[in-house]
Novice: 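Starting off with a structure, shown below.
Below, all heavy atoms of this structure are taken into account, side chains as well, without hydrogens, waters or symmetry copies.
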Amino acid sequence: MLNPWADPGRPTGERVAALLAELTLEEKLAQLVGVWVGISEGEEVAPAQHEFAEPLPPWDELTKPGLGQLTRVFGTGPVEPLVGAKVLAETQRKLVANTRFGIPAMAHEECLAGFTAWQATVFPIPLAWGASFDPVTVERMAREVGLVMRDVGVHQGLAPVLDVSRDPRWGRTEETIGEDPYLVGLLGAAYTKGLESSGIVATLKHFAGYSASRGGRNHAPVHMGPREFADVVLPPFEMALRLGGARSVMNSYAEVDGVPAGSDPTLFTDLLRDKWGFTGVVVADYFAVSFLETAHGVAGSPGEAAALALAAGIDVELPSVRCYGEPLAELVRSGQVDEALVDRAVVRVLTQKCELGLLDEGWQPDSPAVLRGEPVDLDPPALRDLARTMAERSVVLLDNGAGLLPLADTGKLAVVGPCADDLLALMGCYAFPNHVGVQHPDVPLGVDMDTMVQAVLKEFPNAEVSTAKGCEVDGADRSGIEDAVAVAREADVVLAVLGDRAGLFGRGTSGEGCDAEDLNLPGVQGELLERLLALDVPVVLVLLTGRPYALGRYVEPAEGEAARPAAVVQAFFPGEEGAGAVAGVLSGRVNPSGKLPVQVPRGSGGQPTTYLHPPLGGPGGVSSVDPSPAYPFGHGLSYTTFELSDFAGGAEFPADGEVEVSCLVRNTGDRPGAEVVQLYLHDPVASVTRPVRQLVGFARVELAAGEATEVTFRLHADRTSFTGRDGKRIVETGEVVLQVGCSSEDIRWEHSVPVTGEPRVVGYDRVLVTPVTSTSR
């Protein structure tokens, strides 16, 4: 006879309750922790990794009560995929055999830009997803990534990041999707849905406020009012939960107004569960429970930290056990912590394991890859094709004022700069080669890639190509600048390939813990660019970065300064197919269609901002500083032209209804291309200050030369809502202005319409999305 918890024919709740009743306190707590084998090896890939790398008991002793999670079997070192799958299966087999109830662990991995494992496809970073404005491809990408992970035995992916970019000096800007909550939410929900559709548990992070740290410093305090928090920070998480079906959430390291997220029950219990109805599992960001003691100072011991986190609603301590083990057990035994709180978390964990089939009688640990017994391809053609599509759609042509692009396949090309011949310059900090591979210089990269120089040689086979590094990405060494200038002087066109080196905790110029003091190009790259611009040779500036850098001094030079670039191309770490995508844009094989998900600053100083500002946050006579960007949010050029016409909008906008806005989009050029039609909302008079404009809808439209389509937005009044003075989300009546354009500053049409009826308070069931339809004409 089957044990009731192992019977898949019984209701999940009944199975979990039966198992919970049999568990000892130690067995319950074992389900609430992870174990990270190899935590003490190599350089840090998590904050304070080695500080908490305390010796663990032997494996059989450590796991005898059971285990909740296995941390990063594939993502800690270079593991041949089939070997990793076999190790994971054998680890699970031993765990099941060594424990009283034989409950397997959940295996989690990072998947921010593809599966963070050796030999796995390296996709463009999330900021590049934002530049694509393409939720359909993002969802497809996530599903394919998830299927590869499931094939080798992984259950949970620690993605997507839903932090809205607030200060581009923050090193983790590359992990964000952009600076607009609707863009972040829609693409984040698409990634979540794709990952979940593959069977992988998606983990939304970082809940909440992490990206708004003071000065753009990692882990720095956040001082943000509750209205901004509710209207900018929270919506992407709502969208990913409701639209994407996420089954897990990870806490933020941040403290908001002095309260660390990991100890805040108003976030993880009152809001997330009681108001939003989330029923999944909350996992701690790595060492976040310990940080309540060691970094935030709101707990005096590991046990106190565990008590705070558990009461707040953190179900699982990751990546390894420190607080939720014996320190928490002692507090429960003494009566200082109610065991009901432990049971609450264990029920959530066991419910998820039950839903994944891990409690079923006859569950076996061998993944499909192990059962096949054949070499595992983590970078199959289908994923490379998706990586190429995402890269091509994410490249942003910022400027082509001289009409130089696309380039002809003739003449002399000089490809210079520190990122010109560097594979790592194409990948973010959570790509395996940058995340872990750099610690293993004798191990091959794991994926086939071209540098920009190699891609240019392939793209322009009839051109004479020369190259020079010029300088490093960072540092003050100028010794190579003269060589680069000499090479450039002999060319017909110079491609200045500048940007970032992604890394972790100071080992790069972009990435986790790699924050910037200002938004100047790193190191002496600015000097190199100025020397190149001073030549009598046209310069195409190609940027491979994890954040936007200030370009005002180059694209808007003052009198007497060097000439501006002939063209500017921006790519946000475009991944393993990124060099070919950028080269394709330079040649015209790829018609650029990317749009900026973050605005590009004009100045490099201490006033980083986003386009989401009220009137007094913009330029004006009250300050001598003009914060206007060099290139605005939503900006991006094409090699064809698009005409927007035949605009129409409803005459009335019911406060409990919707209004339609439409326009005709025509490709008036001589080649196929894609335009992103953007719908913005301007609220001229409200009870609190409102952004000058805010994105409320967009449509990526692909058209052949001469083709036209009608785009129709159905905007619900809920999408005009905001948090009022009393903290409630309201739809106010009165005039609003709907704006249609091709960027936040390129507005082609405005339509004033009254919101009529009675003001409304809206809840968490409000309309979150603006549906869009396209009809060929």
Novice: Can you name the closest pair of heavy atoms from Gly66 and Ala30 and give their distance?
Specialist: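 Minimum heavy-atom contact is O-CB, 3.4 Å.
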Novice: Check Leu358, Val281, Leu23 against Leu350 for a side chain to side chain contact (heavy atoms under 4.5 Å, CB included) and give me the one that passes.
Specialist: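 Option passing the side chain to side chain contact (heavy atoms under 4.5 Å, CB included) with Leu350: Leu23.
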Novice: Is it true that a side-chain atom of Asp515 and a backbone atom of Gly171 form a donor plus acceptor pair closer than 3.5 Å?
Specialist: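 Answer holds: yes.
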Novice: Do side-chain atoms of Tyr611 reach the backbone of Ser744 as a donor and acceptor pair under 3.5 angstrom?
Specialist: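 No; zero donor-acceptor contacts below 3.5 Å.
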Novice: Can you tell me if Lys28 has over 12 outside heavy atoms packed within less than 6.0 Å of its NZ?
Specialist: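 It does: Lys28 NZ has more than 12 such atoms within range.
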Novice: What heavy-atom pair brings Leu341 and Val337 nearest, and what distance separates the two atoms?
Specialist: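 Heavy-atom minimum between the residues: CD1-CG1, 4.5 Å.
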Novice: Checking the side chain of Gln156 only, and the main-chain atoms of Met106 only, is there a donor and an acceptor separated by less than 3.5 Å?
Specialist: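 Checked: no pair found.
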Novice: Using the side chain to side chain contact (heavy atoms under 4.5 Å, CB included) rule, pick out the option among Pro759, Pro654, Ser721 that qualifies with Val731.
Specialist: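 Testing each of Pro759, Pro654, Ser721 against Val731, the sole residue satisfying side chain to side chain contact (heavy atoms under 4.5 Å, CB included) is Ser721.
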Novice: Testing the basics here: between Cys323 and Pro302, what is the closest heavy-atom pair and its distance to 0.1 Å?
Specialist: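 The pair with the smallest heavy-atom distance is CB-O, 3.4 Å.
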Novice: Between Tyr430 and Glu512, do the side chains contain a donor N or O and an acceptor N or O under 3.5 Å apart?
Specialist: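 Note: Glu512 and Tyr430 side chains meet the donor-acceptor criterion.
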Novice: Measure across Gln599 and Phe633 and return the closest heavy-atom pair with its distance rounded to 0.1 Å.
Specialist: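 So the two residues come closest at CB-N, 3.6 Å.
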Novice: Testing the 3.5 Å rule here: is there a donor-acceptor pair between the side chains of Glu732 and Ser687?
Specialist: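 There is such a pair between these side chains.
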Novice: Go through the structure and list residues passing side chain to side chain donor-acceptor pair (under 3.5 Å) with Thr723, not counting sequence neighbours.
Specialist: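 For Thr723 the side chain to side chain donor-acceptor pair (under 3.5 Å) partners, ignoring immediate neighbours, are Asp231.
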Novice: Taking the inter-plane angle between the rings of His206 and Tyr210 on a 0 to 90° scale, is it parallel (under 30°), tilted (30 to 60°) or perpendicular (over 60°)?
Specialist: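 The arrangement is perpendicular - the two ring planes meet at more than 60°.
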Novice: Any heavy-atom pair between the side chains of Leu612 and Asp180 that's under 4.5 Å?
Specialist: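 Heavy-atom side-chain distance check passes, below 4.5 Å.
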Novice: Quick check for you: to the nearest 0.5 Å, what is the distance between Arg172 atom CZ and Ser213 atom OG?
Specialist: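 It comes to 10.5 Å.
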Novice: State, with a plain yes or no, whether a side-chain heavy atom of Arg242 is found less than 4.5 Å away from one of Leu768.
Specialist: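 Side-chain contact under 4.5 Å: yes.
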Novice: I'd like to know whether Leu67 forms a side-chain contact (heavy atoms from CB on, under 4.5 Å) with Leu70, so could you lay out the CA-CA distance, the side-chain angles of the two residues, the decisive distance to 0.1 Å, and finally the verdict.
Specialist: CA-CA 8 Å; Leu67 182 63; Leu70 282 164; 3.8 Å; yes
Novice: Answer yes or no: is there a side-chain heavy-atom contact under 4.5 Å between Phe268 and Val249?
Specialist: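 The answer is yes; the side chains approach within 4.5 Å.
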Novice: For Glu355 and Thr12, does a side-chain donor sit closer than 3.5 Å to a side-chain acceptor?
Specialist: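 The criterion, which ignores hydrogens and geometry beyond distance, is not satisfied for Thr12 and Glu355.
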Novice: Please name the pair of heavy atoms, one in Gly513 and one in Asn218, separated by the smallest distance, quoted to 0.1 Å.
Specialist: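 Heavy-atom minimum between the residues: N-ND2, 3.7 Å.
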Novice: Quick check: do Leu29 and Val33 have side-chain heavy atoms less than 4.5 Å from each other?
Specialist: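 Side chain of Leu29 against side chain of Val33, heavy atoms only: no contact under 4.5 Å found.
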Novice: Tell me whether Glu196 contacts the main-chain N or O of Thr192 through its side chain, where contact means a donor paired with an acceptor under 3.5 Å.
Specialist: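 No, the answer is negative, given that no donor and acceptor are paired below the 3.5 Å cut-off.
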Novice: Once the angle between the rings of Phe698 and Tyr182 is folded into 0 to 90°, is it parallel (under 30°), tilted (30 to 60°) or perpendicular (over 60°)?
Specialist: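 Ring orientation, 0 to 90° scale: perpendicular.
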Novice: Return the CG to CD1 distance between Leu308 and Ile314, rounded to the nearest 0.5 Å.
Specialist: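 Atom-to-atom, Leu308:CG and Ile314:CD1 are 11.0 Å apart.
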Novice: Under the criterion salt bridge (charged side-chain N to carboxylate O under 4.0 Å, His left out), I'd like the reasoning laid out for Arg15 against Asp360: C-alpha separation, chi angles, the key distance, then a yes or no.
Specialist: CA-CA 10 Å; Arg15 295 172 65 186; Asp360 292 355; 2.7 Å; yes
Novice: Using the side-chain contact (heavy atoms from CB on, under 4.5 Å) rule, take Glu317 and Ser290 through it: C-alpha gap first, then chi angles, then the decisive distance, then the call.
Specialist: CA-CA 9 Å; Glu317 179 185 15; Ser290 289; 4.3 Å; yes
Novice: Between Arg166 and Glu179, is the closest basic N to carboxylate O distance under 4.0 Å?
Specialist: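 Looking at Glu179 and Arg166, the cut-off is not met.
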Novice: Side chains of Glu109 and Thr116: any donor to acceptor distance under 3.5 Å?
Specialist: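 The criterion, which ignores hydrogens and geometry beyond distance, is not satisfied for Glu109 and Thr116.
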Novice: Can any side-chain N or O of Glu27 pair as donor or acceptor with the backbone N or O of Thr24 at less than 3.5 Å?
Specialist: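 At least one qualifying donor-acceptor pair exists.
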Novice: Check the pair Asp315, Arg273 against salt bridge (charged side-chain N to carboxylate O under 4.0 Å, His left out), reporting the backbone distance first and the verdict last.
Specialist: CA-CA 13 Å; Asp315 300 316; Arg273 296 195 183 273; 2.9 Å; yes
Novice: Could you tell me if the side chain of Glu658 sits less than 4.5 Å from the side chain of Leu715, heavy atoms only?
Specialist: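 No. Closest side-chain heavy atoms not under 4.5 Å.
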Novice: Just how far is it from atom OG of Ser320 to atom CZ of Phe287, taken to the nearest 0.5 Å?
Specialist: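 That separation rounds to 7.0 Å.
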Novice: If you count the non-hydrogen atoms of other residues, nucleotides and ligands that lie under 6.0 Å from CZ in Arg333, is the total more than 12?
Specialist: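 Count over threshold, so yes.
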Novice: Determine, for Arg322 against Glu293, whether the closest basic-nitrogen to carboxylate-oxygen distance falls under 4.0 angstrom.
Specialist: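 Yes, this pair counts.
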Novice: Atom OG of Ser263 and atom CG of Asn251: how far apart are they, to the nearest 0.5 Å?
Specialist: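 Nearest 0.5 Å value for the OG-CG distance: 9.5 Å.
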Novice: Answer with yes or no whether the side chains of Thr770 and Arg719 bring together a donor and an acceptor at under 3.5 Å.
Specialist: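 The answer is yes; a qualifying pair exists.
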Novice: Check this for me, if you would: do Asp343 and Arg348 make a salt bridge, where the nitrogen-to-carboxylate-oxygen distance has to be below 4.0 angstrom?
Specialist: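 No salt bridge links Asp343 with Arg348.
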Novice: Which residue, Trp276, Phe278, Phe229, Tyr253, forms the ring-ring contact (aromatic ring centres under 6.0 Å, His included) with Phe207?
Specialist: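 In the set Trp276, Phe278, Phe229, Tyr253, the residue that makes a ring-ring contact (aromatic ring centres under 6.0 Å, His included) with Phe207 is Trp276.
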Novice: Under the criterion side-chain hydrogen bond (donor to acceptor under 3.5 Å, both in side chains), which of Thr733, Asp656, Asp718 is the partner of Arg760?
Specialist: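 Testing each of Thr733, Asp656, Asp718 against Arg760, the sole residue satisfying side-chain hydrogen bond (donor to acceptor under 3.5 Å, both in side chains) is Asp718.
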Novice: Under the side-chain contact (heavy atoms from CB on, under 4.5 Å) rule, what do Val736 and Phe653 come out as? Steps first, then yes or no, please.
Specialist: CA-CA 9 Å; Val736 295; Phe653 195 176; 4.1 Å; yes
Novice: Salt bridge check, Lys205 against Asp285: does any charged N sit closer than 4.0 Å to a carboxylate O?
Specialist: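 Not counted as a salt bridge, because no side-chain N and carboxylate O are separated by less than 4.0 Å.
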Novice: Go through the side-chain N and O atoms of Arg143 and Ser197 and say whether any donor and acceptor fall under 3.5 Å apart.
Specialist: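 Result is yes, a qualifying pair exists.
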Novice: Where do Val298 and Glu255 land on the side-chain contact (heavy atoms from CB on, under 4.5 Å) test, with the steps shown first?
Specialist: CA-CA 11 Å; Val298 296; Glu255 58 177 83; over 6 Å; no
Novice: CG/Leu112 to CH2/Trp129 distance, rounded to the nearest 0.5 angstrom?
Specialist: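 Rounded to the nearest 0.5 Å, the CG-CH2 separation comes to 5.5 Å.
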Novice: Using 0.5 Å steps for rounding, measure from the CZ atom of Arg247 to the CG atom of Leu241.
Specialist: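 Here the rounded value is 12.5 Å.
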Novice: Is there a side-chain contact between Val282 and Leu272 (heavy atoms, below 4.5 Å)?
Specialist: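 In contact.
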Novice: Report yes or no: does Arg690 contribute a side-chain atom to a donor-acceptor pair with the main-chain N or O of His613 at less than 3.5 Å?
Specialist: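 Answer holds: no.
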Novice: So His155 and His108, do their side chains get closer than 4.5 Å, heavy atoms only?
Specialist: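 Of all side-chain heavy-atom pairs linking His155 with His108, none is under 4.5 Å.
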Novice: Does a side-chain heavy-atom distance below 4.5 Å link Thr176 with Val164?
Specialist: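 Thr176 does not reach Val164 side chain to side chain.
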Novice: Taking all heavy atoms of Pro597 and all of Leu183, pick out the closest pair and write down the distance.
Specialist: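 For Pro597 versus Leu183, the nearest heavy atoms are CB-CD2, 3.9 Å.
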Novice: Between Thr203 (side chain only) and Met250 (backbone N and O only), is there a donor and an acceptor less than 3.5 Å apart?
Specialist: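 Answer holds: no.
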